[in-house]
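Reading through the structure tokens given below for one structure.
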There are 2 protein chains.
Amino acid sequence: MRIGELSERTGTPRRLLRYYEEQGLIVADRLPNGYRVYDESNLDRVMQIRGLLDAGLPTRIIKQILPCLNKPRIIHFPDATPEMLATLEDERDRMTERIRCLTRNRDAVAEYLDAVREKLESPV
Amino acid sequence: MRIGELSERTGTPRRLLRYYEEQGLIVADRLPNGYRVYDESNLDRVMQIRGLLDAGLPTRIIKQILPCLNKPRIIHFPDATPEMLATLEDERDRMTERIRCLTRNRDAVAEYLDAVREKLESPV
DNA sequence: TCGAACCCTCACATTGATGTGAAGGTCAAG
DNA sequence: CTTGACCTTCACATCAATGTGAGGGTTCGA
């Protein structure tokens, strides 16, 4: 598929798909005329990227995380330098912390909403 | 305490404490000379804010979420307009989605790290 | 062969969260 | 009374993600 279709199917502006490519997050083959072509696997990948960006991770980090996400258990350790592993550990912990924070706050919001709803339904 | 102490204790640049105040996320009393003064409760609040910002929420949304976080179950519904409730529901769901995304990816990273570590310890 | 609907690159603008520093007031200690 | 460590406001700079549009090529159907 070309960029327009990927854009529609992922709800992502073309501009951003090109940006993600520039940042090394996705790769696209090219048709002889220079048009980008994507296969189905890019769909998931783009959704991943968007989700992570939305969760506050910068592209620089996402780039390091993506290779860990190969479906097949064929984990490949191409250039797993110690610093890179340290970065990943760090990032794993930061993600855990984010999850904790989000969960706590999400629950508080949910509780609040439930309370309001209760008040509205039986205003004493 | 004054801004310097709050800054140190929360690890937050003064600049940002002023920014959060400007955005309506925290309030500060003033000494007769104009200096900001904070009480202990601002410590938690600032950490909340930082955590949520780091998790990708914009100040505009954080501002709406914070009032849901009153420790005492005295939930107050000062101006719980329907649109605001809708916003909160929306945001609750977005947070849930973020949590899902982060968890999935965090687990993948953790798995990857475990696998690498295993390889390193017993290189077959 | 023309127009619509794609695609390309390039470049400048905007937005939100920050960094940085200038110009100046306050206050306690030497 | 001065110095240093605070504080104030204001303003301009930066960075990453994103918006927008110009200027131009490709492809396809009427």
Side-chain angles (χ1 to χ4, degrees), chain A residues 1-39 42 45-66 87 91 94 97-98 101-102 105, chain B residues 1-39 42 45-66 87 91 94-95 97-98 101-102:
Chain A
M1 83 190 95
R2 281 171 306 174
I3 202 172
E5 187 180 342
L6 184 61
S7 166
E8 270 192 25
R9 290 174 67 185
T10 61
T12 308
R14 288 143 230 254
R15 169 73 174 87
L16 289 186
L17 294 176
R18 299 196 184 101
Y19 175 67
Y20 298 154
E21 179 178 341
E22 187 182 305
Q23 300 304 306
L25 302 185
I26 51 180
V27 278
D29 281 344
R30 297 295 184 124
L31 292 176
N33 60 12
Y35 289 10
R36 273 164 259 250
V37 265
Y38 303 92
D39 55 31
N42 281 300
R45 175 158 278 232
V46 169
M47 297 311 286
Q48 282 288 348
I49 293 170
R50 303 228 92 204
L52 290 172
L53 276 174
D54 185 59
L57 281 77
T59 56
R60 173 179 41 87
I61 296 299
I62 297 178
K63 190 175 171 179
Q64 310 221 254
I65 287 179
L66 284 176
T87 303
E91 218 46 45
R94 283 172 58 81
E97 190 39 54
R98 270 185 266 248
C101 175
L102 279 173
N105 285 280
Chain B
M1 84 191 94
R2 281 171 307 173
I3 202 171
E5 187 179 342
L6 184 60
S7 167
E8 268 192 26
R9 290 174 69 185
T10 60
T12 308
R14 287 143 231 254
R15 169 73 173 87
L16 290 187
L17 294 175
R18 300 197 184 100
Y19 175 66
Y20 300 154
E21 178 178 341
E22 187 182 303
Q23 301 302 308
L25 303 185
I26 51 180
V27 279
D29 282 345
R30 298 294 184 125
L31 292 175
N33 60 11
Y35 289 11
R36 272 164 259 252
V37 266
Y38 303 92
D39 56 32
N42 281 298
R45 174 159 278 233
V46 170
M47 296 312 285
Q48 281 290 347
I49 293 170
R50 302 227 93 204
L52 290 172
L53 276 174
D54 185 60
L57 281 79
T59 56
R60 173 179 40 88
I61 297 298
I62 296 177
K63 189 174 173 181
Q64 309 222 255
I65 287 179
L66 284 177
T87 302
E91 218 46 45
R94 284 172 58 81
M95 290 168 86
E97 189 41 52
R98 268 186 266 248
C101 175
L102 279 172

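Chain letters run A, B, ... following the sequence lines, proteins first, then strands; residues in each count from 1.
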On a heavy-atom basis, the closest approach of B:P13 and B:R50 is CD-NH2, 4.4 Å

Figure out the CG/P separation between A:L31 and D:dT27, and round it to whole Å.
9 Å

Spacing of B:L57 atom CG relative to C:dA17 atom P, expressed in whole Å:
10 Å

Whole angstroms only, please: what is the CZ-P distance between B:R14 and C:dT18?
17 Å

So which atom in A:R2 and which in A:V37 form the shortest heavy-atom distance, rounded to 0.1 Å?
CG-CG1, 4.3 Å

Between D:dT26 (P) and A:R2 (CZ): distance, integer Å
14 Å

Integer-rounded Å distance: C:dC8 P and A:N33 CG:
9 Å

Are B:R98 and A:R98 packed together at the side-chain level, in the sense that at least one heavy-atom pair is separated by less than 4.5 angstrom?
no

Cationic N near anionic O, under 4.0 Å, B:R94 to B:E91
yes

Expressed as a whole number of angstroms, how long is the span from A:L17:CG to C:dC6:P?
15 Å

Taking atom CD of A:Q23 as the centre, report whether more than 12 heavy atoms of other residues, nucleotides or ligands fall under 6.0 Å from it.
yes

Can you tell me how far C1' of D:dG19 sits from CG of A:L16, to the nearest Å?
9 Å

So, is B:Y20 near the phosphate of C:dT18, with a side-chain N or O under 4.0 Å from OP1 or OP2?
yes

All N/O contacts under 3.5 Å from nucleotides 9-16 of chain C to the protein, with atom names and distances to one decimal?
| residue | atom | partner | partner atom | Å |
| --- | --- | --- | --- | --- |
| C:dT9 | OP1 | A:R30 | NH1 | 3.3 |
| C:dT9 | OP1 | A:R30 | NH2 | 3.3 |
| C:dT9 | OP2 | A:R36 | NH2 | 2.1 |

With a 4.5 Å cut-off on side-chain heavy atoms, are A:V46 and A:L16 touching?
no

Just how far, in rounded Å, is P of D:dA16 from NZ of A:K63?
13 Å

Closest non-hydrogen atom pair between A:T59 and A:L25, with its separation:
O-CD2, 3.7 Å

List every contact pair, protein side and nucleotides 22-25 of chain D side both N or O, where the distance is under 3.5 Å.
| residue | atom | partner | partner atom | Å |
| --- | --- | --- | --- | --- |
| D:dG25 | N2 | A:Y35 | OH | 2.7 |

Got A:I49 and A:L66 here, is their nearest side-chain heavy-atom distance under 4.5 Å?
yes

Nearest heavy-atom neighbours spanning A:Y38 and A:V27
CD2-O, 4.4 Å

